[in-house]
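Keep in mind that this is a model prediction, so the values were computed, not measured. Order of the sequence lines sets the chain letters (A, B, ...), proteins ahead of strands, with each chain counted from 1.
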Amino acid sequence: MTFSLANLVYLLQGTLWTVALALLSFVGGGVLGLAVALMRVSRFGALRFAAGTWIQVIQGIPLPVLIFLSYFGLGVTGFDVPALAAAALSIAVNSSAFLGDIWRGCIQAVAKTQWEAADSLALNGFQRMVDVVLPQAIRLAIPATIGFSVQIIKNTSYAVVIGFIELTQSGKIINNALYEPFLIFTIVGLVYFALCSPLSNASRRLEARLRARGA
Amino acid sequence: MTLHATAPAPAVEPAAAAPAVRFNAVHKSFGTLEVLKGISFAVGRGEVVCLIGRSGSGKSTALRCINGLERITTGSIDVCGHVVSPDGRADLHAVRKRVGIVFQSYNLFPHLTVEQNITLAPRRVKKTAPAEARAIAADVLAKVGLSDKRDSYPEQLSGGQQQRVAIARALAMQPEVMLFDEVTSALDPELTGEVLKVMEDLARGGMTMVLVTHEMAFASRVADKIIFMHQGRVHEAGPRDMLSRPETPELRQFVGTGL
């Protein structure tokens with residue numbers, strides 16, 4: 001047997017699942033990460049400590065271990081967790097620790113004088129964050145966030161450890177039948193590259209533009 | 001163009017003659033460095049008080065203590081019937097609603113238009129309706145002579161224009177007291193003039209103003225009271241002609257070098 005059109009279609013189906021998993025993980029990781037970032041700059045020490053611990057612990061656990069934990073660990077407690085959900089949850093949790101740290105830096109990079117101006121106008125802490133700080137922090141955060149989304153796309157390949165049929169797993173399955181590892185995984189690699197490189201380029205361009213504006 | 005400051009809201013407390021701002025033996029330390037060593041002075045309603053002195057004399061710190069940007073270490077400050085104390089944050093919100101401040105570096109919000117900069121606080125803090133907030137913005141922009149810049153972003157404006165927008169933004173909250181922290185120090189002489197003109201009009205309109213300034217000519221012309229600070233203390237205080245007849249050697253030297 002040689003590599004056929006049907007094999008290619010199968011790979012593209014896997015690609016769609018990779019994209020779906022990445023999107024779910026990004027949204028979940030973004031929501032969690034925003035919470036982590038906000039807790040990290042809170043005026044309450046307990047929240048800062050909790051978020052700091054979360055970042056340290058999660059960054060210290062390899063992603064495949066997190067995936068095993070949520071797939072088999074939650075399974076033991078009686079939840080029947082679909083592979084997609086387990087993988088998305090794990091990657092989201094992993095991403096929250098990194099995005100939370102990136103975004104904390106962006107929030108703190110907004111000039112102290114902007115916080116003071118908001119305080120002086122009698123805005124409360126919530127209004128100061130939503131109306132003044134976050135809009136400026138988001139602008140600073142866009143390049144690094146897009147850059148990290150490349151990381152998320154590549155991280156989805158760890159879902160192979162629980163057999164979720166995304167792009168890498170699709171390649172593995174086809175290779176089991178054809179035994180053309182060099183060809184098949186080159187194609188798989190090229191597809192990942194096609195997904196990631198536009199994002200990397202966009203991130204680089206945005207960062208250059210931000211730097212040019214002196215922000 | 002003549003400016004009329006918005007009339008201060010009627011004082012809630014019966015003692016209408018009470019000063020707008022009164023420092024009561026205020027100390028402020030940053031770590032082991034004592035910046036304010038027990039200062040006391042009062043600013044009457046409608047008065048213009050200029051704080052002058054060398055860099056590091058504590059004048060900017062004193063100003064920033066009034067609206068709680070710096071927390072005082074001991075003593076208290078009465079501000080429009082509220083008390084700023086070393087521990088209490090309770091009254092800070094009430095104080096900040098009544099006190100506007102303008103900074104040396106303008107500190108406009110770069111992501112908002114001129115109008116949005118001005119309407120933000122009235123809408124969020126006072127829950128002013130959008131249409132009314134825009135009317136207020138139009139009014140204060142007319143006062144600072146920038147009606148045509150309503151939809152500009154701060155980065156499209158000159159320094160002097162940005163500073164006038166910053167003044168308008170503070171005025172939109174209809175403050176009882178306005179604080180100015182070296183507001184012309186970052187501007188060239190021409191732009192300084194346009195900002196000082198706006199401030200002078202405000203003063204003539206009856207606004208209570210506390211200024212930290214190096215503009216000695218402005219202080220001599222507009223101030224009701226001048227306070228010379230030296231090494232964290234009120235070293236000499238007097239009426240606006242005080243600068244022409246300094247009593248202490250320190251002020252004599254400061255005026256000599258400052259002009």
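Note: A/Lys112 NZ to B/Leu69 CG = 8.0 Å, rounded to the nearest 0.5 Å. Remark: A/Arg128 CZ to B/Arg124 CZ distance equals 15.0 Å, nearest 0.5 Å.
Of the two parts of A/Gln127, only the side chain, counted from C-beta on, holds a non-hydrogen atom closer than 4.5 Å to a non-hydrogen atom of chain B. Only the side chain of B/Asn67 comes within less than 4.5 Å of a heavy atom in chain A; its backbone stays farther off. In this structure, chain A has no heavy atom under 4.5 Å from any part of B/Val95. Within the 4.5 angstrom heavy-atom criterion, only side-chain atoms of B/Phe103, from C-beta onward, approach chain A. With a 4.5 Å cut-off on non-hydrogen atoms, B/Leu179 does not touch chain A at all. If you measure heavy-atom distances from B/Arg169 to chain A, the contacts under 4.5 Å come from both the backbone and the side chain.
Counting non-hydrogen atoms of neighbouring residues, nucleotides and ligands closer than 6.0 angstrom, the CG atom of B/Asp151 exceeds 12 such neighbours. Crowding of A/Trp17 atom CH2: a count of heavy atoms from other residues, nucleotides or ligands under 6.0 Å not exceeding 12. Within 6.0 Å of CZ in B/Phe30 there are more than 12 heavy atoms belonging to other residues, nucleotides or ligands. Atom CD of A/Gln56 has 12 or fewer neighbouring heavy atoms from other residues, nucleotides or ligands inside a 6.0 Å radius. Environment of OH in A/Tyr158: sparse, with no more than 12 heavy atoms of neighbouring residues, nucleotides or ligands closer than 6.0 Å. The local environment of CZ in A/Phe72 is crowded, with over 12 non-hydrogen atoms from other residues, nucleotides or ligands closer than 6.0 Å.
Residues A/Leu121 and B/Ile101 form no side-chain contact, since every pair of their non-hydrogen atoms from C-beta on lies 4.5 Å or further apart. At a threshold of 4.5 Å between non-hydrogen side-chain atoms, the residues A/Ser120 and B/Arg96 do not count as touching.
Here B/Ala121 is the residue among B/Ala166, B/Ala170, B/Ala121 with the most heavy-atom pairs under 4.5 Å with chain A. Most heavy-atom pairs under 4.5 Å with chain B: of the set A/Leu123, A/Asn124, A/Val132, this distinction falls to A/Val132.
Nearest heavy atom pair, residue A/Ala122 against residue B/His93, reads O-CE1, 3.0 Å. Pairing each heavy atom of B/Asn107 with each of A/Ala117, the nearest pair is O-CB, 3.6 Å.
Using a distance-only test at 3.5 Å, with no hydrogens or angles considered, a donor-acceptor pair links the side chain of B/His111 to the main chain of A/Asp131.
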